[in-house]
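These figures come from a predicted structure and were not determined experimentally.
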Amino acid sequence: MLEKKEQKRREGLPELPNLNGRKPVLRFAPNPNGPLSFGHSRGLVINAEYAKLHDGELILRFDDTDTTVKPPMMEAYDSIPKQQEELCGYSAHRLVIASERMDKYHDYAEKTIETDFAYVCTCTGDEFREFRLSKSNCPCRDNDVNENLELWNKMNDSNGFMPGDAVLRMKTGMDQKNPALRDWPAARIQTNPHPRVGSKWRVWPLLDFQSAIEDYLQGVTHIIRGKDLMDSTRKQKLLYDHFEWNYPETIYWGRVKVHEFGSFSTSQMKKDISEGVYSGWNDPRLPTLSALFRRGIRPESLRSFWIELGLTQKDIAVPLSTLYSHNTKSIEPISPRLAFIRDPVKIDLSGEFPSKLVISSHPEEDMPNRIFEIKNSIFIENEDSGKPVRLKDFCDISENGDVESIDRSDKRPIVHWITEGIETQLTIAEGKELAHVQGLLEKHNYPIGTIVQLERIGYAIVEKDGLLMVHD
RNA sequence: GCUCGUAUAGUGUAGUGGCCCAUCAUGAAGGCCUCUCGAGCCUUCGACCCGGGUUCAAAUCCCGGUACGAGCACCA
């Protein structure tokens with residue numbers, strides 16, 4: 001009999017391919033040349049969710065094998081694990097630091113040489129590019145194993161080759177259809193000291209080699225990576241084939257662009273911060289995780305945001321408002337209401353009205369009440385003045401401040417107001433600019449870091465010296 | 001140049017031959033509720049890149065276009 005298949009909308013992340021009852025081992029491998037940013041949060045969230053979903057393991061790996069182009073930043077080794085935990089809700093099961101596993105990479109590099117799957121190439125980059133394009137062998141390819149071993153030693157010898165003089169190449173074949181796969185480079189010489197291990201090593205593996213070896217050693221079952229690394233997968237598979245290892249399942253995603261963030265690179269941010277363009281890594285204008293957290297974007301919002309975007313290979317552009325709508329859902333129930341009066345205008349009240357009001361801090365949730373002692377005047381925003389309005393939770397007044405009704409008597413606009421307040425600055429990150437709005441903030445004693453909702457304005461977070469806009 | 005990938009409403013996304021005159025979210029418009037321009041609820045708008053082919057039947061398979069993106073680094 002034919003079974004009717006129920007087609008329901010799939011919720012959440014798609015199934016991990018070829019799991020076959022295994023507990024998956026996933027990894028996220030940032031370069032600690034700077035702190036985590038919005039882009040990293042995708043990899044973190046998706047990998048961590050899968051690991052949690054299937055009771056598997058998450059590996060946090062520092063791919064810190066470049067001391068020249070992307071020199072490691074020591075603080076990042078501390079800040080990244082902390083932020084990983086904050087974002088994912090649990091800390092990674094394993095922490096791997098590539099620079100401390102160099103002996104393994106060297107062992108395997110030597111194995112590739114000994115098994116004649118690698119050779120030391122002393123051609124220049126330009127020379128090799130020609131060979132690659134013309135599918136012709138470079139002269140170094142004919143070195144025998146012993147020659148290669150000798151040259152390898154010379155790469156490792158501080159009196160031997162200098163950076164740029166020689167690289168180790170995998171002998172994948174110059175006749176590969178895909179030019180990217182032709183005898184790809186696996187290791188090169190760097191003499192800049194590494195901040196963690198100094199000058200202990202001279203020959204450092206490149207990503208395709210280091211990552212491939214480490215994934216094997218860690219028993220990684222599933223790799224989730226950008227589709228820009230598709231050729232990386234193919235290169236690594238050739239290495240796995242040589243060692244007769246099984247390559248992990250690989251899932252790719254496309255590029256994500258957030259228009260409001262424009263293009264930031266870690267190195268550019270680093271430069272701008274040192275030049276004082278930004279106040280620090282958590283400057284609200286920056287797309288770093290610390291800035292987002294500071295701005296009141298909650299970890300669970302980032303998680304549901306990325307899960308909803310899913311794992312398609314499409315390159316997508318998402319407006320920040322999508323992230324905000326996720327965030328609103330999580331902060332709305334916990335945000336007490338406060339009045340913030342921009343451009344305040346004092347209104348003298350006349351007529352009958354109570355001298356004390358107790359107003360709730362949230363329309364639905366149970367929160368401590370706000371208590372107002374009302375004297376003879378209140379403040380409203382200039383924009384709301386000059387017309388009859390309803391003071392929210394208080395009374396109807398005329399344009400002159402005559403109290404016309406305690407109960408709501410008509411459909412006049414409802415405005416927020418305040419008896420007295422503290423001169424406060426609200427900071428708003430608008431693209432690459434910071435806008436500041438002065439106003440009178442209702443008295444409160446919420447601690448720093450509390451997200452409040454400024455009535456009729458939006459959400460803001462309490463900072464030491466004022467308010468920082470979350471979003472509206 | 002070579003190689004690889006992707007194409008469903010404004011934006012994301014579900015959907016792997018019939019349940020799809022296509023899902024959900026977000027957005028926009030309107031309404032309800034509410035003493036916030038917040039939250040919630042309701043309604044409406046809006047899409048299968050193009051052209052062939054296979055098939056009784058295609059968003060789903062095949063071929064060819066087109067568009068966009070990526071790799072070919074001594075970065076990750």
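The shortest distance between the side-chain N/O atoms of Arg188(A) and the OP1/OP2 oxygens of C75(B) is below 4.0 Å. For Lys177(A), a side-chain nitrogen or oxygen approaches OP1 or OP2 of C4(B) to under 4.0 Å.
Applying the ring-ring contact (aromatic ring centres under 6.0 Å, His included) test to Phe264(A) and every residue at least two apart in sequence or in another chain returns nothing. Scored by the side-chain contact (heavy atoms from CB on, under 4.5 Å) test, Thr124(A) finds Asp126(A), Glu127(A) as partners (sequence neighbours excluded).
More than 12 heavy atoms of other residues, nucleotides or ligands lie within 6.0 Å of CG in Asp272(A), so this atom counts as buried by the packing criterion.
Nucleotide A70(B) holds its P atom 14 Å from the CE atom of Met230(A), rounded to whole Å.
Glu308(A) and Arg303(A) are not joined by a salt bridge, as no carboxylate oxygen comes within less than 4.0 angstrom of a charged side-chain nitrogen. Using a cutoff of 4.0 Å between basic side-chain nitrogens and carboxylate oxygens, Arg61(A) and Glu100(A) are not scored as salt-bridged.
Residues Tyr459(A) and Leu454(A) are not in side-chain contact: their nearest non-hydrogen atoms beyond the backbone lie 4.5 Å or more apart. For the pair Arg94(A) and Leu60(A), the minimum side-chain heavy-atom distance is 4.5 Å or more. Taking 4.5 Å as the limit, some side-chain heavy atom of Glu49(A) sits within range of a side-chain heavy atom of Ile307(A). By the 4.5 Å heavy-atom criterion applied to side chains, Leu217(A) and Arg101(A) are counted as neighbours.
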Close N/O contacts between protein and nucleotides 32-34 of chain B (under 3.5 Å):
none

Just the atom pairs and distances: protein N or O near nucleotides 22-27 of chain B's N or O, under 3.5 Å.
residue	atom	partner	partner atom	Å
U23(B)	O2	Arg9(A)	NH1	2.1
C24(B)	O2	Arg9(A)	NH2	3.2
A25(B)	O2'	Glu308(A)	OE2	3.2
U26(B)	OP1	Lys329(A)	NZ	3.2

What pairs of nitrogen or oxygen atoms, one from the protein and one from nucleotides 7-10 of chain B, lie under 3.5 Å apart?
residue	atom	partner	partner atom	Å
U8(B)	OP2	Lys314(A)	NZ	2.5

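Note that Lys154(A) lies in the cation-pi zone of Phe161(A), set by a 6.0 Å cut-off to the ring centre and a 45° limit from the axis. Both tests do not hold together for Arg188(A) against Trp204(A): distance to the six-membered ring centre under 6.0 Å, angle to the ring axis within 45°. With a 6.0 Å cutoff to the six-membered ring centre and a 45° limit on the axis angle, Arg169(A) counts as a cation-pi contact of Phe128(A).
In this structure, the nucleotide among A76(B), U13(B), G71(B) sitting nearest to the side chain of Asp231(A) is G71(B). Residue Leu207(A) has its side chain nearest to A76(B) when only C35(B), A76(B), G71(B) are considered. For Asp315(A), the listed nucleotide lying nearest its side chain is G69(B); candidates were G71(B), G69(B), G12(B).
The base of C35(B) is not paired with the side chain of Arg408(A) by any donor and acceptor separated by under 3.5 Å. Side-chain N/O atoms of Glu332(A) and base N/O atoms of G40(B) include no donor-acceptor pair closer than 3.5 Å. No donor-acceptor contact under 3.5 Å links the side chain of Gln176(A) to the base of U3(B).
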Both atom distances under 3.5 Å, Watson-Crick or G-U wobble: I'd like the secondary structure of RNA chain B as a dot-bracket string, with | for pairs made across strands.
(((((((..(((.....[.....)))((((((.......))))))...(((((..]....))))))))))))....
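Note: Trp184(A) and Phe209(A) have tilted aromatic rings, judged against thresholds of 30 and 60 degrees for the angle between ring planes.
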